[in-house]
Protein chains: 2
Amino acid sequence: MASDSKPTINDVARIAEVSKKTVSRVINKSPLLSEKTRERVEQVIADIGYVPNPQARALALRRNFVIAAIHDNPNAQFLVNVQQGILEGLAGSDFNLMVKPVDRNSPNITDDIRDFLVRQRPYGVVLLPPVSENDEIARLCDDLGCRYVRMGSVRLDEAEHTVSSNDREAVCEAVSYLIEKGHQRIAIIEGPKGFTSPQERRAGFEEALHSAGLKLDEALVRPGSYTFESGVAAGQSLVEMADRPTAIFACNDEMAIGAMIAARRSGLLIPEDLSIVGFDDTPLSSHVWPSLTTVHWPIVDMARTAALKLIAPDDVEANARWLLPSVLIERSSVVPPAAR
Amino acid sequence: MASDSKPTINDVARIAEVSKKTVSRVINKSPLLSEKTRERVEQVIADIGYVPNPQARALALRRNFVIAAIHDNPNAQFLVNVQQGILEGLAGSDFNLMVKPVDRNSPNITDDIRDFLVRQRPYGVVLLPPVSENDEIARLCDDLGCRYVRMGSVRLDEAEHTVSSNDREAVCEAVSYLIEKGHQRIAIIEGPKGFTSPQERRAGFEEALHSAGLKLDEALVRPGSYTFESGVAAGQSLVEMADRPTAIFACNDEMAIGAMIAARRSGLLIPEDLSIVGFDDTPLSSHVWPSLTTVHWPIVDMARTAALKLIAPDDVEANARWLLPSVLIERSSVVPPAAR
DNA sequence: TTGTAGGCGTTATCAC
DNA sequence: GTGATAACGCCTACAA
């Protein structure tokens with residue numbers, strides 16, 4: 001059963017009575033080959049079950065048939081979604097996915113990544129946020145001749161090196177939706193400082209207010225750290241206000257659900273007493289009750305696109321496409337504000 | 001900055017005025033080497049920043065310095081925990097982690113995995129549940145000369161090929177804990193049919209009842225599918241019973257939290273009116289209110305151990321250790337039943 | 001259109 | 001202990 005000694009290119013060449021190089025040409029679909037020879041070689045390949053050895057190719061080509069996901073992200077769902085997307089993009093190809101976690105806070109992060117790239121020589125890397133925002137690392141990839149694509153909430157690089165959502169616009173749309181429903185006192189639970197995505201989401205929030213002629217009430221801004229607990233804390237402090245908001249936009253679903261639970265614990269009805277909108281569209285958002293109106297963040301699509309950019313670098317059209325819009329998903333956590 | 005043309009073993013040999021093979025011996029820590037030669041070579045290696053090329057080694061050794069996680073598991077948190085554990089085990093080594101998802105329901109799953117193993121030639125693979133329960137796949141690894149470790153809730157193979165928790169015992173302990181608190185009417189929300197872990201957990205549940213002299217009330221058994229929603233449904237149907245249980249054991253945390261929410265929606269207080277115990281100890285379990293008493297499933301440790309078994313096959317002690325016990329984590333979702 | 005020679009960077013064999 | 005020499009399996013350059 002087990003192909004103990006696997007056939008090599010030499011076996012194919014010998015049996016098909018051609019040279020190694022001819023077999024190599026067949027494998028690599030070289031155009032300069034007689035149809036007859038190609039057919040004969042392909043027949044032999046099928047007969048003896050020859051499979052090219054990726055290690056040998058990697059050595060000769062000085063490049064591994066591997067795409068690496070470099071990340072420093074604590075969120076399990078995000079990470080798995082990205083992996084799924086990359087794997088979808090890689091499906092049917094000879095490429096495999098390698099996972100390389102790094103420590104954002106380590107001073108050696110650049111050396112660590114350099115070492116990884118030099119040793120493993122991946123064909124390309126997908127940089128996930130927030131590490132994707134580090135220009136030095138992108139430059140490092142470039143210097144080492146490693147293809148890269150950066151994922152983010154804004155365009156971080158040239159189109160061929162970028163896959164991005166439009167968080168700002170999407171949040172603006174979501175908050176405008178709240179305003180259309182009649183909400184005026186809208187709170188925001190922010191994400192962690194120092195990262196781009198929360199900044200963009202906050203910016204979109206303000207944009208929506210401004211274009212509706214509302215002004216930002218700093219009393220309705222709460223810090224958050226993308227965790228459930230921070231959502232609970234922020235939500236609690238908001239609902240305890242004398243003049244509490246009628247709606248909350250949370251910069252991610254986990255915090256939105258935290259806020260939802262805090263509000264309910266304080267005896268409020270969701271959405272009657274308080275409307276809530278999240279961001280991400282995690283599985284949880286459709287599982288909670290009431291189901292959460294949220295912005296769908298197309299992570300899987302983004303990751304798939306990133307993978308395709310890496311392995312099909314000549315696909316001009318794919319390389320030009322860098323924006324995958326986030327869209328609002330209406331569920332049941334938003335209604336017009338109750339008259340009070 | 002970039003080491004454009006990396007130094008090779010030849011460069012080291014030339015500068016150190018030894019043969020390639022001697023350098024190779026230094027790299028591989030061969031014992032038959034004069035101390036003097038070793039030092040000189042190591043000095044040169046450090047001086048010119050030589051890094052062995054993994055692709056060339058892979059070709060010569062016919063084996064890649066890669067550990068693959070083969071999985072068919074929908075649960076993001078589980079998957080990420082396993083990856084984290086494997087990466088911890090691999091830290092400091094030259095190994096990297098590759099992710100290989102497979103489709104449990106595909107008839108080609110064996111061929112798919114065989115193809116992957118033959119092409120990629122990973123040094124070893126970690127088989128995650130439920131695919132780890134497939135004996136045919138384990139045999140396949142063996143046939144192809146690929147080291148493997150199977151993760152599971154029971155011992156699935158010889159010690160060196162197994163890393164397992166003891167779900168049955170752990171659940172028995174957890175349910176006994178409920179009984180000690182005074183609970184007699186204890187419900188169970190089961191996991192999906194056809195998998196080992198839910199079976200084991202159910203068995204542990206029954207064991208606890210029997211050893212306390214209680215008998216299983218089939219009316220208190222609810223099916224579940226490890227999803228939040230199934231927990232909500234099961235929880236709701238349980239709390240609506242005329243003679244409802246005073247405690248629920250759910251086969252995983254997601255369902256436990258679902259049941260918790262269903263109960264609260266029906267106006268019950270947790271834990272005063274209903275105690276709940278889960279299984280897994282996911283991050284969420286300490287985030288909810290009240291925090292969930294649950295069984296800690298040591299996935300990260302299991303995965304780390306699996307990785308170590310693969311890359312240090314001569315470590316007899318490590319290879320003998322295959323059981324990593326699950327332990328009960330007492331939080332605040334369990335109190336004695338209220339008198340009624 | 002096809003073949004030959006040589007290289008990719010490492011390890012294994014077997015002398016010395 | 002150490003070193004030529006030959007694998008490992010594929011690819012590129014150049015020749016035919």
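Every chain is numbered from 1, with letters handed out A, B, ... down the list of sequences. Basis for what follows: all heavy atoms, side chains included, without hydrogens, waters or symmetry-related copies.
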Taking ring-ring contact (aromatic ring centres under 6.0 Å, His included) as the test, write out the residues that go with A/F116, two or more places apart. none
In terms of the nearest nucleotide of DNA chain D, which residue is placed more toward the 5' end: B/S34 or A/K21? B/S34
In whole angstrom, what separates A/I9's CD1 from D/dT12's P? 11 Å
Donor-acceptor under 3.5 Å (B/D11 side chain, B/T8 main chain): yes
Under 3.5 Å donor-acceptor, A/K309 side chain and A/A159 backbone: yes
For A/Y148, does its backbone N or O pair with a side-chain atom of A/H161 as donor and acceptor, under 3.5 Å? yes
Tell me the interatomic distance from A/R14, atom CZ, to D/dG9, atom P, rounded to whole angstroms. 13 Å
Along DNA chain C, first and last positions that approach a heavy atom of chain A under 4.0 Å: C/dT1 to C/dG9
Report yes if at least one side-chain N or O of B/T22 is closer than 4.0 Å to OP1 or OP2 of D/dG3; otherwise report no. yes
Give a yes or no on whether a donor-acceptor pair under 3.5 Å exists between the nucleobase atoms of D/dG9, that is its base, and the side chain of B/R62. no
Below 4.0 Å: OP1/OP2 of D/dC8 and any side-chain N or O of A/T8: no
Any donor-acceptor pair under 3.5 Å linking the side chain of B/S132 with the backbone of B/M151? yes
Determine the contact category for B/L61: base if any of its heavy atoms lies under 4.0 Å from a base atom, sugar-phosphate if only primed atoms, P, OP1 or OP2 are that close, otherwise nothing. sugar-phosphate
Calculate the interatomic distance between B/R25 atom CZ and D/dG1 atom C1'; express it in whole Å. 7 Å
Would you say the side chains of A/S165 and A/W297 form a donor-acceptor pair under 3.5 Å? yes
Does a donor on one side chain and an acceptor on the other come within less than 3.5 Å for A/R155 and A/N166? no
Donor-acceptor under 3.5 Å (A/N28 side chain, A/S24 main chain): yes
Which one, D/dC11, D/dA4, D/dG1, comes nearest to the side chain of B/S19? D/dA4
Give A/V12 one of three labels, base, sugar-phosphate or nothing, depending on what nucleic acid heavy atoms sit under 4.0 Å from its own. nothing
To the nearest 10 degrees, the angle between the two end axes of the helix from C/dT1-D/dA16 to C/dC16-D/dG1 (five pairs per end) comes to 30°
Determine the contact category for A/L59: base if any of its heavy atoms lies under 4.0 Å from a base atom, sugar-phosphate if only primed atoms, P, OP1 or OP2 are that close, otherwise nothing. base
Evaluate the criterion salt bridge (charged side-chain N to carboxylate O under 4.0 Å, His left out) for residue pair B/D301 and B/R304; output intermediate values, then yes/no. CA-CA 5 Å; B/D301 290 343; B/R304 188 192 318 106; 3.0 Å; yes
Regarding B/P52, tell me which of base, sugar-phosphate or nothing describes its non-hydrogen contacts under 4.0 Å with the strands shown. sugar-phosphate
Taking the nucleotide of DNA chain C with the nearest heavy atom to each, does A/V18 or B/K20 sit closer to the 5' end? A/V18
Do the non-hydrogen side-chain atoms of A/E88 and A/V300 ever get within less than 4.5 Å of each other? yes
d(CG, A/N10; C1', D/dA7) in whole Å: 11 Å
Ignoring backbone atoms, establish whether A/R57 has a side-chain N or O less than 4.0 Å from OP1 or OP2 of D/dC11. yes
